[in-house]
Amino acid sequence: MSALDAVRARQSWSKVGDTAPGREELVTLIGAAGRVADHSSLRPWRLIELRGQDREALGAAIAEAQGDAEPSAKPLRAPLLIAVVVSYRASEKVPRWEQEAVASGVAHVLSLLLDEAGWGVIWRTGQYTRSEPVARMHGLGPDEELLGWLYVGAKPEGKSPGRRKTVDARALLTRPPRLSPEARAAAEAAAREAEKQKAEKAEKKARKRAKKKEKKKAKKAAKKTRS
Ligand SMILES: Cc1cc2nc3c(=O)[nH]c(=O)nc-3n(C[C@H](O)[C@H](O)[C@H](O)COP(=O)(O)O)c2cc1C
């Protein structure tokens with residue numbers, strides 16, 4: 001199947017059966033999904049597989065987050081949940097939103113590959129997704145956040161996942177607005193002014209830092225002379 005056909009055929013399955021892909025199959029698919037575009041190759045993501053009682057632990061964490069007395073049954077809707085984690089890396093070049101885009105890309109491609117392999121998948125989230133009890137249950141680090149879970153199971157036989165909305169690609173693919181020469185000149189001048197102000201601010205900051213350093217040095221020298 002071509003990538004075009006696979007993407008056209010993909011649909012989310014909100015109800016799935018009790019079987020799920022094993023770890024080895026997942027490893028193969030994740031190895032491929034991890035090939036998404038990744039600025040500076042930071043690999044700012046990881047996945048956590050939740051099976052069996054892990055899902056009950058998630059149900060308890062959801063209840064804690066929502067202040068409910070009973071554990072949530074939501075995670076029991078599929079035999080396998082794959083938690084999608086964005087693991088932010090320190091980078092001057094790649095901001096956090098770009099790193100989320102990478103983790104999100106991995107989840108989308110993995111959904112597609114699972115679908116193509118015959119598994120039913122749906123990406124789900126909830127108000128509790130970024131709550132403390134849920135983060136704790138997944139063992140997230142301080143620089144990690146969840147993007148939700150891929151619920152994975154068997155596609156129910158003889159059932160269709162429901163109708164899929166069509167995409168009006170012509171309306172969604174546009175060109176930038178055309179500017180008049182005057183408007184373009186004004187936009188360029190504004191951009192230049194913003195750059196200038198940015199440079200001035202950085203220079204001021206550097207001067208302040210140098211002055212502070214100088215002051216500290218003088219203080220240290222004076223102290224040394226006194227002693
Ligand atoms: C980040 C994210 C979170 C989502 N959360 C939910 C959710 O909590 N519940 C839900 O029914 N669908 C959720 N969806 C949408 C479904 O995954 C799915 O795309 C939707 O049901 C449409 O089906 P389709 O993928 O077949 O077009 C989410 C999608 C994304 C990308």
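First listed ligand is number 1; within each ligand, the first listed atom is number 1.
For a heavy-atom separation below 4.0 Å, the residues in contact with ligand 1 are R10, Q11, S12, I122, W123, R124, T125, R164.
Two residues are said to be in side-chain contact when any heavy atoms from C-beta on lie closer than 4.5 Å; L58 and H138 meet this criterion. Under the 4.5 Å side-chain criterion, counting only non-hydrogen atoms from C-beta, Y88 is not in contact with L42. Between Y128 and E64 there is no side-chain heavy-atom pair separated by less than 4.5 Å.
Shown here is E200, whose CD atom has more than 12 heavy atoms of other residues, nucleotides or ligands within 6.0 Å.
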* Where do R207 and E203 land on the salt bridge (Lys or Arg N to Asp or Glu O under 4.0 Å) test, with the steps shown first? -> CA-CA 6 Å; R207 269 204 307 272; E203 211 180 302; 3.3 Å; yes
* Can you list the steps and then say if R184 with E188 is a salt bridge (Lys or Arg N to Asp or Glu O under 4.0 Å)? -> CA-CA 6 Å; R184 186 185 301 277; E188 284 171 3; 5.1 Å; no
